[in-house]
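Here the structure comes first, spelled out in structure tokens, and everything after it is commentary.
Reckoned from all heavy atoms, side chains included, excluding hydrogens, waters and symmetry mates. Every chain is numbered from 1, with letters handed out A, B, ... down the list of sequences.
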Amino acid sequence: MPKPLDKFNNPYNPKEIEDKIYRLWEESGYFNPDKLPISSAKGGSASGGKNYKLKSKNFCVIMPPPNANGALHFGHALFVALEDLMIRYQRMRGKKTLWLPGADHAGFETQTVFDKKLEKEGRNRFQIPRDELYREILEFTLSNKKTMESQLRKLGASCDWSRKKFTLDEDIISKTQDTFIQMYKDGLVYRGKRLVNWCVKHQTGLSDLEVKHEEKTTPLYYIKYGPIILATVRLETKFGDTAIAVHPKDKKYKNFIGKEIEIDTLIGKTKIKVIADEAVDPDFGTGAVKITPAHDFNDFEIWQRHKNEIPHPIEVIDKFGKLNLLEHFSENEEAKKYHGLKILEARKIIAEEMEKRGLLIKIDHNYKHNAALCYKCSNNLEPRLMSQWFVKTGPLAKPAIEVVKNGKIKIIPEKFKKVYFHWMKNIRDWNISRQIIWGIQIPAWFCECGGIIVQKEKPKKCVKCSGNKIEQDPDVFDTWFSSGQWPYLALDYPNSKDYKNFYPTDVMETGWDILFFWVARMIMLGIYRVGKIPFKMVYLHGLVRDKDRQKMSKSKGNVVDPLGVAEIYGADAVRMALIMDSTPGNDPIISEDKIRGYRNFATKIWNISRFVLMNYDQKFEKIKPQFTKEDKKNLKDLITIHKKITKDIEGLKFHIAAHSIYHYIWHTFADKILENSKPRLRSENIIERAAAFKVNLEIFSAALKLLHPFMPFITEEIWQNLPILRRDSGQVKNKKMLMIEKW
RNA sequence: GGGCGUUUAGCUCAGUGGUAGAGCGUUUCAUUGACAUUGAAAAGGUCGGAGGUCCAAUUCCUCCAACGCCCACCA
């Protein structure tokens with residue numbers, strides 16, 4: 001009986017072996033494509049064994065860099081399971097395989113996490129000097145990053161740590177800024193005073209994607225503006241009204257169009273013009289609408305169409321969401337009454353005052369409309385006029401639509417193609433300025449004369465006025481502006497070997513929830529900056545839910561820590577549970593019961609090892625086995641299952657492949673083949689015994705290989721402990737690993 | 001207001017143009033025999049509803065219903 005059997009007399013304990021196995025892999029260097037053993041023309045190589053042949057083909061996946069502001073959650077575990085599966089499979093196929101790990105500083109996301117931390121400490125980011133705050137967040141982020149890296153190791157990610165990247169690495173910062181500068185030169189970014197979704201709590205503007213809409217019931221006020229009655233929910237913006245708009249064909253107001261009417265503004269009397277615009281719905285309210293271009297997206301657009309007729313926008317709400325009337329009406333005693341009021345307070349007081357003056361006709365309390373909220377804090381967003389940097393997306397979107405349409409980039413599942421096209425076709429310019437400090441500062445310089453210089457270094461003097469009172473734009477890029485360039489930045493574009501070898505990458509595997517935020521931007525920016533698509537295929541996985549179908553979130557308190565359950569049941573069990581349950585685009589549901597089931601599977605495999613091995617006899621070595629008809633059929637079936645699993649993995653049907661190997665090992669191999677071999681294994685006839693053993697061993701060996709991409713730890717551990725599986729012309733090559741066995 | 005998706009066994013979900021599958025759960029049986037984190041077996045579904053195409057539909061088409069999601073500047 002071979003020695004390693006002792007090992008299998010103890011129950012399988014993932015905790016004991018996983019770290020050890022990971023170290024073995026990592027130290028082998030095989031995560032690094034450059035260190036994969038190269039086969040000589042014929043025969044074996046020194047370290048790789050004769051079966052492994054590195055083919056010239058490359059295979060590359062860039063890891064979606066996790067936000068380094070906390071621990072890994074199940075979403076991360078899912079991408080590890082899927083990407084590691086692809087990577088391990090391709091590596092075993094003999095491809096030069098690179099899985100490039102990274103981490104994202106995650107600008108606004110991390111800023112909000114850090115804000116909460118500060119809040120607990122009784123501090124506030126607005127009181128901390130920029131440099132100091134940046135240093136603190138950097139420290140916080142790097143420490144999280146370190147934790148995540150060790151967690152990725154625990155999950156078994158076979159990524160090349162020698163190539164890891166962080167979105168705030170110097171070269172990444174520099175190249176991200178280069179892209180901005182180039183886009184500025186090409187007229188693809190512009191600075192514009194535009195309405196921006198402003199979060200009063202977070203004190204920053206957001207992009208359209210960061211706005212969440214929610215239906216709310218809000219009082220709709222019918223008020224008198226001179227002879228016209230109109231409906232509005234936003235009484236408090238009335239001080240910023242610059243016009244009244246009606247539909248050009250609305251007969252009710254035909255005689256008013258183009259005329260000025262006198263209104264009582266509560267802080268005096270003024271005249272505003274009635275204009276006609278198609279955007280006004282004559283059937284809503286009274287068909288007349290007040291125009292406040294500084295605080296409403298519609299009104300802003302109407303103003304742009306009527307610039308010559310009506311005054312410039314008047315801003316009456318400040319960045320804290322309070323009325324700042326004294327900026328415009330400083331001489332006005334009445335304005336003091338409203339100045340400094342928060343929006344809702346102001347609304348109430350104005351309503352009372354208007355009622356007093358007989359200007360409030362009625363209030364509709366059942367009016368429902370979609371409110372724009374901050375996706376992080378759910379507070380109402382306040383549209384504010386601000387100078388921000390915008391990416392002109394139209395020219396970028398066109399080729400990005402084309403490459404998906406013509407199949408150069410495949411999206412899986414296909415249903416997301418439609419979603420992608422719809423978004424791309426209706427794309428709006430992208431606000432990339434964020435009023436936070438955590439991120440890559442925008443390489444733009446403002447002179448007090450109003451001149452703008454776009455470059456990295458501080459200009460000595462202003463190109464416009466030759467003055468030297470120049471300050472850098474305090475804003476940072478939207479984090480997606482840097483992560484949107486990730487594929488080529490992570491591969492050290494433009495001069496590296498990696499860029500030449502691995503760009504475009506083979507698969508971009510990520511969650512469907514960031515199709516617009518990330519995938520779409522990578523496609524646009526990749527084509528723009530590099531002239532080539534960033535990846536050939538997009539594989540979108542679902543969002544991990546708990547057993548009540550709820551999205552896991554900290555605020556709901558239903559977050560299951562993948563590392564915690566991996567600690568108990570093993571990383572293999574966690575991975576298998578995720579893959580078995582994950583069809584592309586559908587949300588997998590994870591529960592401890594499920595994971596426990598796959599831990600049982602691991603135990604089963606462990607016991608199979610023991611059983612196969614305990615029937616070994618040294619004397620078999622000299623015996624030529626005689627396979628029965630049954631044996632031959634089993635070996636033939638093995639080839640069939642191998643082919644099927646291969647086909648399913650190639651077709652990205654990982655869950656089907658996982659089911660196949662699971663079912664085969666447990667219910668075909670263990671329950672049938674092994675059970676049926678028992679009589680022969682106990683036979684007096686050594687030839688019969690040898691044959692039965694040989695068949696079992698051969699099938700088991702093949703099954704371990706097939707299972708390895710799904711459950712890498714236990715398969716490798718068994719492989720390492722069964723030298724009989726690793727024989728090479730009778731000699732055991734101890735260094736050989738299952739990880740680089742031939743598929 | 002547009003668009004998308006889901007509806008299959010008690011639960012969670014796969015799958016397929018040719019008399020329905022898995023895991024978990026349930027029931028019965030088996031135990032000094034590799035493994036109770038086990039094995040053998042069983043019960044359980046008119047594949048949301050109504051039409052249509054087809055020799056044949058759970059699978060393709062149309063409509064309906066329920067649920068869910070995404071996008072969207074109607075005050």
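Rounded to whole Å, the separation between the C1' atoms of B:U46 and B:G33 comes to 46 Å. Spacing between B:A20 and B:G45 at atom P, rounded to whole Å, works out to 13 Å. B:A30 sits 23 Å from B:G44 when the C1' atoms are compared, rounded to a whole Å. Taking atom P in both B:C60 and B:G17, one finds a spacing of 8 Å when rounded to whole Å. Comparing B:U19 with B:U31, their P atoms are spaced 39 Å from each other, to the whole Å. Taking atom C1' on both nucleotides, B:C67 is separated from B:U27 by 33 Å, rounded to a whole Å. Of the C1' atoms belonging to B:U6 and B:U58, the separation is 15 Å, rounded to the nearest Å. Taking atom P in both B:A50 and B:U8, one finds a spacing of 15 Å when rounded to whole Å.
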Please list each protein N or O that sits under 3.5 Å from an N or O in nucleotides 34-45 of chain B, with the distance.
| residue | atom | partner | partner atom | Å |
| --- | --- | --- | --- | --- |
| B:A34 | OP1 | A:K678 | NZ | 3.1 |
| B:A34 | O2' | A:R610 | NE | 2.8 |
| B:A34 | O2' | A:R610 | NH2 | 3.1 |
| B:A34 | N7 | A:K678 | NZ | 3.4 |
| B:A34 | N6 | A:E675 | OE2 | 3.2 |
| B:A34 | N3 | A:N607 | O | 3.1 |
| B:C35 | O2' | A:N607 | ND2 | 2.9 |
| B:C35 | O2 | A:K604 | NZ | 2.8 |
| B:C35 | N3 | A:K604 | NZ | 2.9 |
| B:C35 | N4 | A:E675 | OE2 | 3.3 |
| B:U37 | O4' | A:N600 | OD1 | 3.3 |
| B:U37 | O2 | A:R599 | NE | 3.2 |
| B:U37 | O2 | A:N600 | OD1 | 3.4 |
| B:U37 | O2 | A:T603 | OG1 | 2.4 |
| B:U38 | O3' | A:K604 | NZ | 3.4 |
| B:G39 | OP1 | A:W666 | NE1 | 2.2 |

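Put simply, CD1 on A:I656 is 11 Å from C1' on B:U16, counting in whole angstrom units. Rounded to whole Å, the distance from CD1 on A:I595 to C1' on B:G23 is 14 Å. One atom, NZ of A:K653, and another, C1' of B:A14, lie 12 Å apart when rounded to the nearest Å. Computed from coordinates, the A:H422 NE2 to B:C71 P distance equals 11 Å when rounded to whole Å. Regarding A:D587, its CG atom lies at a distance of 10 Å from the C1' atom of B:G68, rounded to whole Å. Between the CG atom of A:N586 and the C1' atom of B:G68 there is a distance of 12 Å, given to the nearest Å. Between A:Y375 atom OH and B:C71 atom P there is a gap of 13 Å when expressed in whole angstrom units. Rounded to a whole Å, the CD1 atom of A:I661 is 21 Å from the P atom of B:A14.
Within the shown strands, nothing qualifies as a pairing partner of B:U16 under the Watson-Crick or G-U definition with both distances less than 3.5 Å. Across all strands shown, B:C24 pairs with B:G10; the Watson-Crick or G-U wobble distances both stay below 3.5 Å. Pairing of B:C54, defined by two Watson-Crick or G-U wobble distances under 3.5 Å, is not identified with any nucleotide. Both distances falling under 3.5 Å, in either a Watson-Crick or a G-U wobble arrangement, place B:G68 opposite B:C4.
Heavy atoms of A:T583 sit under 4.0 angstrom from primed sugar atoms or phosphate atoms, though from no base atom. Among the protein residues, A:V280 comes within range of the nucleic acid bases, having at least one heavy atom under 4.0 Å from a base atom. Using a 4.0 Å heavy-atom cutoff across all strands shown, A:D281 reaches at least one base atom of the nucleic acid.
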Using distance only, find each side-chain donor-acceptor pair of residues 217-231 of chain A under 3.5 Å and give its atom names and separation, not counting sequence neighbours.
| residue | atom | partner | partner atom | Å |
| --- | --- | --- | --- | --- |
| A:T218 | OG1 | A:H369 | ND1 | 3.3 |
| A:Y225 | OH | A:D241 | OD2 | 2.4 |

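A pairwise comparison of heavy atoms in A:F516 and A:Y420 identifies CE2-CA, 4.4 Å as the closest pair.
By the 6.0 Å and 45° rule, A:R428 does not stack over the aromatic ring of A:W423. Geometrically, A:R194 engages A:F390 in a cation-pi contact, judged by NZ or CZ lying under 6.0 Å from the ring centre and within 45° of the ring axis.
Ranked by how close their nearest RNA chain B nucleotide is to the 5' end, A:V211 and A:D581 are led by A:D581. Ranked by how close their nearest RNA chain B nucleotide is to the 5' end, A:W512 and A:K368 are led by A:W512.
Within 6.0 Å of the NZ atom in A:K405, the count of heavy atoms belonging to other residues, nucleotides or ligands does not exceed 12. No more than 12 heavy atoms of other residues, nucleotides or ligands lie within 6.0 Å of NZ in A:K392, so this atom counts as exposed by the packing criterion.
In this structure, of B:U12, B:A14, B:A72, it is B:U12 that holds the atom nearest to the side chain of A:I589.
The residues A:K15 and A:E18 are annotated as not salt-bridged, no charged nitrogen and carboxylate oxygen being separated by less than 4.0 angstrom. A salt bridge is absent between A:K254 and A:D250; no separation between the charged side-chain nitrogens and carboxylate oxygens falls under 4.0 Å. Look at A:E236 and A:R347 and you find a salt bridge, because one of the NZ, NE, NH1 or NH2 atoms lies within 4.0 Å of a carboxylate O, short of that distance.
In this model, the phosphate group of B:G15 is approached by a side-chain N or O of A:H655 to a distance below 4.0 Å at OP1 or OP2.
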